[in-house]
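Encoded as C-alpha coordinates, the structure appears first; notes follow it.
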2 protein chains.
Amino acid sequence: MSVTQPVRPPRRRAPRNSLNPDRILDAALTLLDRDGAEAFTMRGLAQQLGVGTMAVYSHFRGKDEISDAVAQRLLDTIELPPGGSEDPESELREVCVGVYRLFTEHPSALELLAGRPLRGDDAIALIDRMLGLLRRAGLGRADAAHAHVALMQYTVGSALWNTRRARALCQEGARERVRARIAALPSDTYPSLVALAPELLCQKSEGTGQFEYGLDGLLRGLLGGTPQV
Amino acid sequence: MSVTQPVRPPRRRAPRNSLNPDRILDAALTLLDRDGAEAFTMRGLAQQLGVGTMAVYSHFRGKDEISDAVAQRLLDTIELPPGGSEDPESELREVCVGVYRLFTEHPSALELLAGRPLRGDDAIALIDRMLGLLRRAGLGRADAAHAHVALMQYTVGSALWNTRRARALCQEGARERVRARIAALPSDTYPSLVALAPELLCQKSEGTGQFEYGLDGLLRGLLGGTPQV
DNA sequence: ACCTGAACACCGTTCAAGT
DNA sequence: ACCTGAACACCGTTCAAGT
(Lines give C-alpha, C1' and ligand atoms only; values in the text may rest on other atoms or scores of the structure.)
Protein backbone atom coordinates (compact mmCIF):
# COMPACT_ATOMS: atom_id res chain seq x y z
CA MET A 1 0.00 0.00 0.00
CA SER A 2 2.32 2.70 1.25
CA VAL A 3 4.84 3.51 -1.41
CA THR A 4 8.26 4.45 -0.09
CA GLN A 5 8.01 8.09 -0.96
CA PRO A 6 10.01 10.59 1.11
CA VAL A 7 7.76 12.46 3.50
CA ARG A 8 9.33 15.87 2.96
CA PRO A 9 11.04 16.29 -0.42
CA PRO A 10 10.75 20.04 -0.20
CA ARG A 11 13.49 21.28 -2.44
CA ARG A 12 14.65 19.93 -5.74
CA ARG A 13 18.37 19.68 -6.14
CA ALA A 14 19.58 23.11 -7.11
CA PRO A 15 20.82 23.33 -10.71
CA ARG A 16 24.55 22.99 -10.91
CA ASN A 17 26.62 26.20 -10.78
CA SER A 18 23.56 28.30 -10.02
CA LEU A 19 25.44 29.48 -6.94
CA ASN A 20 28.49 31.73 -6.98
CA PRO A 21 30.24 34.09 -4.57
CA ASP A 22 28.58 37.19 -6.02
CA ARG A 23 25.08 35.84 -5.69
CA ILE A 24 25.85 34.77 -2.13
CA LEU A 25 27.20 38.20 -1.18
CA ASP A 26 24.20 39.93 -2.75
CA ALA A 27 21.82 37.83 -0.70
CA ALA A 28 23.94 38.31 2.43
CA LEU A 29 23.87 42.09 2.10
CA THR A 30 20.13 42.06 1.50
CA LEU A 31 19.52 40.06 4.66
CA LEU A 32 22.02 42.10 6.68
CA ASP A 33 20.35 45.38 5.71
CA ARG A 34 16.85 44.03 6.25
CA ASP A 35 17.20 42.15 9.53
CA GLY A 36 20.47 43.28 11.08
CA ALA A 37 23.73 41.50 11.80
CA GLU A 38 22.51 39.63 14.87
CA ALA A 39 19.73 37.98 12.83
CA PHE A 40 22.08 37.01 9.99
CA THR A 41 22.24 33.24 9.80
CA MET A 42 23.87 30.68 7.55
CA ARG A 43 20.62 28.76 7.46
CA GLY A 44 18.66 31.91 6.62
CA LEU A 45 21.14 32.84 3.92
CA ALA A 46 20.85 29.43 2.29
CA GLN A 47 17.05 29.64 2.43
CA GLN A 48 17.13 33.07 0.79
CA LEU A 49 19.24 31.49 -1.97
CA GLY A 50 16.86 28.53 -2.30
CA VAL A 51 19.61 26.09 -1.54
CA GLY A 52 20.68 23.64 1.15
CA THR A 53 22.49 25.10 4.15
CA MET A 54 25.81 23.54 3.27
CA ALA A 55 25.88 24.68 -0.37
CA VAL A 56 27.31 28.02 0.70
CA TYR A 57 30.30 26.28 2.24
CA SER A 58 31.45 25.26 -1.23
CA HIS A 59 32.16 28.95 -1.94
CA PHE A 60 33.17 30.37 1.43
CA ARG A 61 35.04 28.91 4.33
CA GLY A 62 32.31 29.97 6.78
CA LYS A 63 30.30 32.81 8.20
CA ASP A 64 33.31 34.96 9.09
CA GLU A 65 34.65 34.84 5.56
CA ILE A 66 31.26 35.97 4.21
CA SER A 67 31.10 38.82 6.72
CA ASP A 68 34.59 39.92 5.72
CA ALA A 69 33.70 39.86 2.03
CA VAL A 70 30.51 41.87 2.59
CA ALA A 71 32.49 44.42 4.60
CA GLN A 72 35.03 44.82 1.80
CA ARG A 73 32.27 45.22 -0.73
CA LEU A 74 30.60 47.90 1.38
CA LEU A 75 33.81 49.90 1.60
CA ASP A 76 33.80 50.19 -2.21
CA THR A 77 30.45 51.90 -2.16
CA ILE A 78 31.54 54.96 -0.19
CA GLU A 79 30.87 58.04 -2.27
CA LEU A 80 33.87 60.30 -2.03
CA PRO A 81 34.24 63.88 -3.28
CA PRO A 82 36.21 64.36 -6.53
CA GLY A 83 39.34 65.58 -4.78
CA GLY A 84 41.93 68.14 -5.75
CA SER A 85 39.86 71.02 -4.43
CA GLU A 86 41.61 74.07 -3.10
CA ASP A 87 39.87 73.78 0.30
CA PRO A 88 41.13 70.76 2.24
CA GLU A 89 38.77 71.40 5.17
CA SER A 90 35.56 71.13 3.18
CA GLU A 91 36.92 68.16 1.24
CA LEU A 92 37.70 66.47 4.53
CA ARG A 93 34.18 67.22 5.63
CA GLU A 94 32.76 65.51 2.58
CA VAL A 95 34.90 62.44 3.09
CA CYS A 96 33.59 62.09 6.65
CA VAL A 97 30.01 62.57 5.47
CA GLY A 98 30.57 59.80 2.91
CA VAL A 99 31.75 57.42 5.60
CA TYR A 100 28.85 58.40 7.84
CA ARG A 101 26.40 57.74 5.02
CA LEU A 102 27.77 54.25 4.50
CA PHE A 103 27.24 53.38 8.13
CA THR A 104 23.75 54.83 8.40
CA GLU A 105 22.53 53.35 5.12
CA HIS A 106 23.95 49.95 6.09
CA PRO A 107 23.71 49.77 9.88
CA SER A 108 25.16 46.27 9.91
CA ALA A 109 28.35 47.64 8.31
CA LEU A 110 29.35 48.89 11.74
CA GLU A 111 29.18 45.43 13.26
CA LEU A 112 30.96 43.99 10.24
CA LEU A 113 33.79 46.51 10.11
CA ALA A 114 34.26 47.35 13.77
CA GLY A 115 36.21 44.29 14.84
CA ARG A 116 38.21 43.56 11.73
CA PRO A 117 41.70 44.59 10.69
CA LEU A 118 40.56 46.68 7.68
CA ARG A 119 42.73 44.91 5.19
CA GLY A 120 41.16 46.22 2.00
CA ASP A 121 42.72 48.62 -0.47
CA ASP A 122 39.74 50.93 -0.20
CA ALA A 123 40.25 51.38 3.50
CA ILE A 124 43.93 52.12 2.95
CA ALA A 125 43.14 54.67 0.24
CA LEU A 126 40.59 56.35 2.49
CA ILE A 127 43.06 56.70 5.36
CA ASP A 128 45.76 58.00 3.06
CA ARG A 129 43.43 60.58 1.61
CA MET A 130 42.31 61.88 4.99
CA LEU A 131 45.88 62.12 6.22
CA GLY A 132 46.91 64.03 3.10
CA LEU A 133 44.06 66.51 3.53
CA LEU A 134 44.97 67.05 7.17
CA ARG A 135 48.60 67.80 6.24
CA ARG A 136 47.44 70.20 3.49
CA ALA A 137 45.23 71.89 6.07
CA GLY A 138 48.40 72.76 7.95
CA LEU A 139 48.65 70.11 10.65
CA GLY A 140 51.98 68.65 11.72
CA ARG A 141 52.80 64.97 11.46
CA ALA A 142 51.67 63.91 14.95
CA ASP A 143 48.65 66.21 14.86
CA ALA A 144 47.51 64.82 11.52
CA ALA A 145 47.71 61.26 12.85
CA HIS A 146 45.76 62.15 15.99
CA ALA A 147 43.19 64.22 14.10
CA HIS A 148 42.53 61.43 11.62
CA VAL A 149 41.73 58.98 14.40
CA ALA A 150 39.55 61.55 16.18
CA LEU A 151 37.53 62.17 13.02
CA MET A 152 37.02 58.46 12.45
CA GLN A 153 36.03 57.93 16.06
CA TYR A 154 33.49 60.72 15.94
CA THR A 155 32.07 59.50 12.62
CA VAL A 156 31.76 55.90 13.75
CA GLY A 157 30.32 56.94 17.12
CA SER A 158 27.71 59.17 15.48
CA ALA A 159 26.61 56.45 13.11
CA LEU A 160 26.36 53.93 15.93
CA TRP A 161 24.43 56.34 18.15
CA ASN A 162 22.00 57.40 15.46
CA THR A 163 21.22 53.96 14.10
CA ARG A 164 20.58 52.59 17.59
CA ARG A 165 18.47 55.61 18.44
CA ALA A 166 16.54 55.37 15.20
CA ARG A 167 15.89 51.68 15.78
CA ALA A 168 14.62 52.39 19.31
CA LEU A 169 12.40 55.29 18.23
CA CYS A 170 10.81 53.53 15.27
CA GLN A 171 8.85 51.31 17.66
CA GLU A 172 5.18 52.19 17.80
CA GLY A 173 4.60 55.01 20.29
CA ALA A 174 8.19 55.03 21.50
CA ARG A 175 8.62 58.72 20.77
CA GLU A 176 5.55 59.62 22.86
CA ARG A 177 6.71 57.43 25.72
CA VAL A 178 10.09 59.17 25.85
CA ARG A 179 8.38 62.53 25.76
CA ALA A 180 6.09 61.54 28.62
CA ARG A 181 8.96 60.24 30.71
CA ILE A 182 10.92 63.46 30.35
CA ALA A 183 7.83 65.55 31.07
CA ALA A 184 7.32 63.55 34.28
CA LEU A 185 10.81 64.31 35.60
CA PRO A 186 11.03 66.70 38.56
CA SER A 187 12.34 69.95 37.15
CA ASP A 188 14.13 70.85 40.38
CA THR A 189 16.42 67.79 40.30
CA TYR A 190 16.93 67.82 36.52
CA PRO A 191 16.42 71.49 35.59
CA SER A 192 18.52 71.57 32.41
CA LEU A 193 17.11 68.39 30.95
CA VAL A 194 13.50 69.38 31.54
CA ALA A 195 14.12 72.86 30.18
CA LEU A 196 15.77 71.54 27.02
CA ALA A 197 13.29 68.73 26.37
CA PRO A 198 11.88 70.35 23.21
CA GLU A 199 15.34 70.76 21.68
CA LEU A 200 16.39 67.23 22.63
CA LEU A 201 13.27 65.67 21.11
CA CYS A 202 13.32 67.85 18.03
CA GLN A 203 13.31 65.93 14.75
CA LYS A 204 16.17 68.06 13.53
CA SER A 205 18.37 66.70 16.27
CA GLU A 206 18.47 63.37 14.46
CA GLY A 207 20.28 62.22 11.39
CA THR A 208 22.67 64.15 9.25
CA GLY A 209 22.01 67.58 10.77
CA GLN A 210 23.19 66.48 14.19
CA PHE A 211 26.19 64.69 12.69
CA GLU A 212 27.29 67.73 10.70
CA TYR A 213 26.89 70.01 13.71
CA GLY A 214 29.46 68.01 15.67
CA LEU A 215 31.66 67.40 12.63
CA ASP A 216 31.94 71.12 11.96
CA GLY A 217 32.76 71.73 15.60
CA LEU A 218 35.40 69.03 15.59
CA LEU A 219 36.99 70.27 12.35
CA ARG A 220 37.02 73.85 13.69
CA GLY A 221 38.68 72.71 16.89
CA LEU A 222 41.21 70.43 15.24
CA LEU A 223 42.28 72.61 12.34
CA GLY A 224 43.04 75.68 14.41
CA GLY A 225 41.35 78.85 15.45
CA THR A 226 41.28 81.00 12.32
CA PRO A 227 38.37 79.70 10.22
CA GLN A 228 37.89 82.18 7.38
CA VAL A 229 40.28 85.09 7.79
CA MET B 1 26.05 -6.42 41.65
CA SER B 2 25.61 -3.11 39.92
CA VAL B 3 24.01 -0.71 42.35
CA THR B 4 21.69 1.80 40.77
CA GLN B 5 23.94 4.75 41.26
CA PRO B 6 23.60 7.73 38.91
CA VAL B 7 26.43 7.81 36.38
CA ARG B 8 27.00 11.56 36.54
CA PRO B 9 25.90 13.13 39.85
CA PRO B 10 28.21 16.06 39.30
CA ARG B 11 26.69 18.78 41.39
CA ARG B 12 25.05 18.49 44.76
CA ARG B 13 21.83 20.44 45.10
CA ALA B 14 22.82 24.00 45.83
CA PRO B 15 21.99 25.12 49.37
CA ARG B 16 18.74 26.98 49.49
CA ASN B 17 18.88 30.77 49.13
CA SER B 18 22.57 30.67 48.32
CA LEU B 19 21.65 32.51 45.12
CA ASN B 20 20.45 36.09 44.96
CA PRO B 21 20.33 38.88 42.36
CA ASP B 22 23.50 40.56 43.65
CA ARG B 23 25.58 37.42 43.50
CA ILE B 24 24.27 36.77 39.99
CA LEU B 25 25.12 40.27 38.80
CA ASP B 26 28.60 40.08 40.33
CA ALA B 27 29.29 36.86 38.45
CA ALA B 28 27.77 38.27 35.25
CA LEU B 29 30.00 41.35 35.35
CA THR B 30 33.07 39.20 36.03
CA LEU B 31 32.37 37.03 33.01
CA LEU B 32 31.44 39.98 30.81
CA ASP B 33 34.70 41.77 31.61
CA ARG B 34 36.78 38.65 31.23
CA ASP B 35 35.35 37.08 28.06
CA GLY B 36 33.29 39.79 26.38
CA ALA B 37 29.59 40.16 25.71
CA GLU B 38 29.46 37.72 22.79
CA ALA B 39 30.83 34.92 24.99
CA PHE B 40 28.40 35.65 27.83
CA THR B 41 26.12 32.67 28.24
CA MET B 42 23.37 31.67 30.62
CA ARG B 43 24.94 28.24 30.91
CA GLY B 44 28.36 29.74 31.58
CA LEU B 45 26.91 32.12 34.17
CA ALA B 46 25.23 29.25 36.02
CA GLN B 47 28.45 27.25 35.95
CA GLN B 48 30.39 30.21 37.37
CA LEU B 49 27.82 30.29 40.18
CA GLY B 50 28.06 26.54 40.75
CA VAL B 51 24.39 26.06 40.07
CA GLY B 52 22.06 24.50 37.53
CA THR B 53 21.37 26.54 34.42
CA MET B 54 17.77 27.23 35.32
CA ALA B 55 18.44 28.43 38.87
CA VAL B 56 19.18 31.91 37.56
CA TYR B 57 15.68 32.09 36.08
CA SER B 58 14.23 32.16 39.58
CA HIS B 59 15.75 35.61 40.04
CA PHE B 60 15.69 37.14 36.57
CA ARG B 61 13.26 36.82 33.72
CA GLY B 62 16.05 35.96 31.28
CA LYS B 63 19.31 37.04 29.70
CA ASP B 64 18.08 40.46 28.62
CA GLU B 65 16.97 41.37 32.13
CA ILE B 66 20.41 40.43 33.47
CA SER B 67 22.12 42.51 30.81
CA ASP B 68 19.91 45.48 31.66
CA ALA B 69 20.68 45.15 35.36
CA VAL B 70 24.43 44.93 34.74
CA ALA B 71 24.23 48.02 32.54
CA GLN B 72 22.43 49.97 35.24
CA ARG B 73 24.97 48.90 37.82
CA LEU B 74 27.83 50.00 35.57
CA LEU B 75 26.35 53.45 35.15
CA ASP B 76 26.59 53.93 38.92
CA THR B 77 30.32 53.40 38.88
CA ILE B 78 31.16 56.38 36.66
CA GLU B 79 33.50 58.66 38.56
CA LEU B 80 32.35 62.21 38.10
CA PRO B 81 34.14 65.42 39.11
CA PRO B 82 32.87 67.14 42.28
CA GLY B 83 31.00 69.85 40.39
CA GLY B 84 30.36 73.47 41.17
CA SER B 85 33.68 74.54 39.71
CA GLU B 86 33.99 77.97 38.14
CA ASP B 87 35.17 76.51 34.83
CA PRO B 88 32.38 74.63 33.05
CA GLU B 89 34.60 73.61 30.13
CA SER B 90 37.12 71.68 32.21
CA GLU B 91 34.33 70.16 34.30
CA LEU B 92 32.65 69.01 31.09
CA ARG B 93 35.96 67.54 30.03
CA GLU B 94 36.19 65.53 33.22
CA VAL B 95 32.65 64.21 32.84
CA CYS B 96 33.45 62.95 29.35
CA VAL B 97 36.67 61.36 30.57
CA GLY B 98 34.67 59.59 33.29
CA VAL B 99 32.29 58.15 30.73
CA TYR B 100 35.18 57.14 28.49
CA ARG B 101 36.86 55.38 31.42
CA LEU B 102 33.74 53.34 32.11
CA PHE B 103 33.60 52.10 28.56
CA THR B 104 37.28 51.26 28.26
CA GLU B 105 37.50 49.56 31.66
CA HIS B 106 34.37 47.54 30.88
CA PRO B 107 34.38 47.02 27.11
CA SER B 108 31.19 45.00 27.27
CA ALA B 109 29.40 48.04 28.70
CA LEU B 110 29.23 49.42 25.19
CA GLU B 111 27.35 46.40 23.90
CA LEU B 112 25.13 46.44 26.95
CA LEU B 113 24.26 50.12 26.88
CA ALA B 114 24.27 50.85 23.16
CA GLY B 115 20.91 49.39 22.26
CA ARG B 116 18.94 50.13 25.37
CA PRO B 117 16.69 53.05 26.28
CA LEU B 118 18.88 54.30 29.16
CA ARG B 119 16.12 54.29 31.72
CA GLY B 120 18.22 54.68 34.87
CA ASP B 121 18.37 57.68 37.15
CA ASP B 122 22.13 57.83 36.80
CA ALA B 123 21.90 58.25 33.05
CA ILE B 124 19.32 61.02 33.49
CA ALA B 125 21.50 62.81 36.04
CA LEU B 126 24.50 62.57 33.74
CA ILE B 127 22.63 64.08 30.80
CA ASP B 128 21.21 66.85 32.96
CA ARG B 129 24.63 67.71 34.28
CA MET B 130 26.23 67.90 30.84
CA LEU B 131 23.42 70.08 29.53
CA GLY B 132 23.74 72.43 32.51
CA LEU B 133 27.48 72.78 31.98
CA LEU B 134 26.99 73.51 28.29
CA ARG B 135 24.48 76.26 29.10
CA ARG B 136 26.85 77.72 31.69
CA ALA B 137 29.57 77.66 29.05
CA GLY B 138 27.44 80.08 27.07
CA LEU B 139 25.66 77.88 24.54
CA GLY B 140 22.07 78.55 23.49
CA ARG B 141 19.30 76.02 23.97
CA ALA B 142 19.54 74.29 20.60
CA ASP B 143 23.34 74.43 20.59
CA ALA B 144 23.54 72.86 24.03
CA ALA B 145 21.30 69.98 22.94
CA HIS B 146 23.34 69.38 19.78
CA ALA B 147 26.68 69.71 21.58
CA HIS B 148 25.65 67.22 24.24
CA VAL B 149 24.85 64.59 21.65
CA ALA B 150 28.07 65.31 19.75
CA LEU B 151 30.15 64.86 22.92
CA MET B 152 28.44 61.58 23.74
CA GLN B 153 28.87 60.35 20.18
CA TYR B 154 32.56 61.17 20.18
CA THR B 155 33.08 59.58 23.59
CA VAL B 156 31.25 56.39 22.71
CA GLY B 157 32.95 56.19 19.33
CA SER B 158 36.40 56.62 20.84
CA ALA B 159 35.79 53.91 23.41
CA LEU B 160 34.48 51.54 20.75
CA TRP B 161 37.39 52.25 18.44
CA ASN B 162 40.05 51.89 21.10
CA THR B 163 38.73 48.72 22.69
CA ARG B 164 38.41 47.00 19.31
CA ARG B 165 41.86 48.20 18.31
CA ALA B 166 43.34 47.09 21.62
CA ARG B 167 41.74 43.67 21.28
CA ALA B 168 43.09 43.29 17.74
CA LEU B 169 46.60 44.44 18.69
CA CYS B 170 46.93 42.28 21.77
CA GLN B 171 47.18 39.20 19.57
CA GLU B 172 50.70 37.79 19.45
CA GLY B 173 52.73 39.60 16.82
CA ALA B 174 49.80 41.63 15.52
CA ARG B 175 51.61 44.92 16.02
CA GLU B 176 54.56 43.74 13.94
CA ARG B 177 52.29 42.44 11.21
CA VAL B 178 50.53 45.81 10.90
CA ARG B 179 53.89 47.57 10.81
CA ALA B 180 55.11 45.25 8.06
CA ARG B 181 51.96 45.71 6.01
CA ILE B 182 52.26 49.49 6.11
CA ALA B 183 55.96 49.36 5.32
CA ALA B 184 55.16 47.22 2.26
CA LEU B 185 52.72 49.76 0.81
CA PRO B 186 53.87 51.63 -2.30
CA SER B 187 54.69 55.13 -1.12
CA ASP B 188 53.69 56.69 -4.45
CA THR B 189 50.06 55.53 -4.23
CA TYR B 190 49.74 56.09 -0.48
CA PRO B 191 52.28 58.84 0.23
CA SER B 192 50.71 60.32 3.35
CA LEU B 193 50.02 57.02 5.04
CA VAL B 194 53.52 55.70 4.47
CA ALA B 195 55.07 58.98 5.59
CA LEU B 196 53.03 59.06 8.79
CA ALA B 197 53.44 55.40 9.68
CA PRO B 198 55.60 56.09 12.76
CA GLU B 199 53.04 58.51 14.18
CA LEU B 200 50.13 56.18 13.45
CA LEU B 201 51.80 53.23 15.12
CA CYS B 202 53.09 55.24 18.06
CA GLN B 203 52.08 53.86 21.44
CA LYS B 204 50.96 57.32 22.49
CA SER B 205 48.33 57.34 19.78
CA GLU B 206 46.37 54.77 21.78
CA GLY B 207 44.30 55.08 24.91
CA THR B 208 43.50 58.19 26.87
CA GLY B 209 45.99 60.51 25.15
CA GLN B 210 44.32 60.07 21.77
CA PHE B 211 40.87 60.43 23.31
CA GLU B 212 41.77 63.66 25.07
CA TYR B 213 43.34 65.11 21.94
CA GLY B 214 40.05 64.82 20.07
CA LEU B 215 37.97 65.78 23.09
CA ASP B 216 39.89 69.02 23.52
CA GLY B 217 39.49 69.75 19.83
CA LEU B 218 35.77 69.07 19.95
CA LEU B 219 35.26 71.19 23.07
CA ARG B 220 37.26 74.04 21.51
CA GLY B 221 35.18 73.87 18.36
CA LEU B 222 31.82 73.56 20.12
CA LEU B 223 32.28 76.15 22.84
CA GLY B 224 33.37 78.95 20.56
CA GLY B 225 36.56 80.49 19.37
CA THR B 226 37.91 82.39 22.37
CA PRO B 227 39.54 79.78 24.61
CA GLN B 228 41.41 81.67 27.31
CA VAL B 229 41.00 85.41 26.78
C1' DA C 1 33.26 20.17 -8.48
C1' DC C 2 29.20 21.22 -6.35
C1' DC C 3 25.30 20.26 -3.52
C1' DT C 4 22.83 17.20 -0.07
C1' DG C 5 20.94 15.70 4.77
C1' DA C 6 22.35 13.77 9.16
C1' DA C 7 24.82 14.67 13.11
C1' DC C 8 27.52 17.25 16.72
C1' DA C 9 28.24 20.66 20.07
C1' DC C 10 26.52 24.72 21.22
C1' DC C 11 22.66 28.48 22.51
C1' DG C 12 18.13 30.64 25.31
C1' DT C 13 14.17 29.19 27.22
C1' DT C 14 9.74 26.23 28.53
C1' DC C 15 8.15 22.71 31.28
C1' DA C 16 7.06 19.35 34.77
C1' DA C 17 9.08 17.76 38.62
C1' DG C 18 11.62 17.54 43.00
C1' DT C 19 12.50 19.66 47.87
C1' DA D 1 9.93 29.51 47.08
C1' DC D 2 13.82 27.90 44.96
C1' DC D 3 16.41 24.69 42.32
C1' DT D 4 16.64 20.54 39.11
C1' DG D 5 17.24 17.93 34.43
C1' DA D 6 14.91 16.86 30.14
C1' DA D 7 13.30 18.74 26.10
C1' DC D 8 12.49 22.16 22.26
C1' DA D 9 13.78 25.15 18.71
C1' DC D 10 17.51 27.41 17.32
C1' DC D 11 22.79 28.20 15.87
C1' DG D 12 27.69 27.20 13.02
C1' DT D 13 30.08 23.63 11.28
C1' DT D 14 31.99 18.60 10.28
C1' DC D 15 31.24 14.62 7.76
C1' DA D 16 30.12 11.05 4.52
C1' DA D 17 27.46 10.65 0.75
C1' DG D 18 25.16 11.64 -3.64
C1' DT D 19 25.50 13.58 -8.63
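So that the names make sense, note that chain A is the first sequence line, chain B the second, and so on, each numbered from 1.
- Residues H106(A) and L29(A) meet the side-chain proximity criterion, which asks for heavy atoms closer than 4.5 Å.
- Listed nucleotides: dC2(D), dC2(C), dC3(D). Nearest to the side chain of N17(B): dC2(D).
- The CD1-C1' distance, from I24(B) to dC2(D), rounds to 11 Å in whole Å.
- Among the heavy atoms of the strands lying under 4.0 Å from T41(B) are primed sugar atoms or P, OP1, OP2 only; no base atom is included.
- dT13(C) atom P lies 9 Å from atom CD1 of I66(B), rounded to whole Å.
- Heavy-atom distances to DNA chain C give each of R61(B) and R16(A) a nearest nucleotide, and the one nearer the 5′ end belongs to R16(A).
- Between Y154(A) and Y154(B), the distance separating the two ring centers is not shorter than 6.0 angstrom.
- Atom CE in M42(A) sits about 13 Å away from atom C1' in dT14(D), given to the nearest Å.
- Residue-level contact check: F60(B) touches neither bases nor backbone, having no heavy atom under 4.0 Å from any strand.
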Please, what dot-bracket string fits DNA chain C when only Watson-Crick and G-U pairs with both distances under 3.5 Å count, crossing ones use [ ] and pairs to another strand use |? ||.|||||...|||||.||
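- A sub-4.0 Å separation between OP1 or OP2 of dC3(C) and a side-chain N or O of H59(A) is present.
- Between dC3(D) and Y57(B), no contact under 4.0 Å exists linking OP1 or OP2 to a side-chain N or O.
- When the P atom of dT4(C) is taken as reference, atom CD of Q47(A) falls 13 Å away, rounded to whole Å.
- A distance of 9.5 Å separates OG1 of T41(A) from CG of D35(A), quoted to the nearest 0.5 Å.
- The CG atom of L45(B) sits 12 Å away from the P atom of dT13(C) (whole-angstrom rounding).
- Nearest-nucleotide positions on DNA chain D for N20(B) and R43(B) put N20(B) closer to the 5' end.
- A donor-acceptor distance shorter than 3.5 angstrom exists from the side chain of R23(B) to the backbone of S18(B), with no hydrogens or angles considered.
- Distance M54(B) CE to dG18(C) C1': 15 Å, rounded to the nearest Å.
- To the nearest 0.5 angstrom, E105(A) atom CD is 7.5 Å from E79(A) atom CD.
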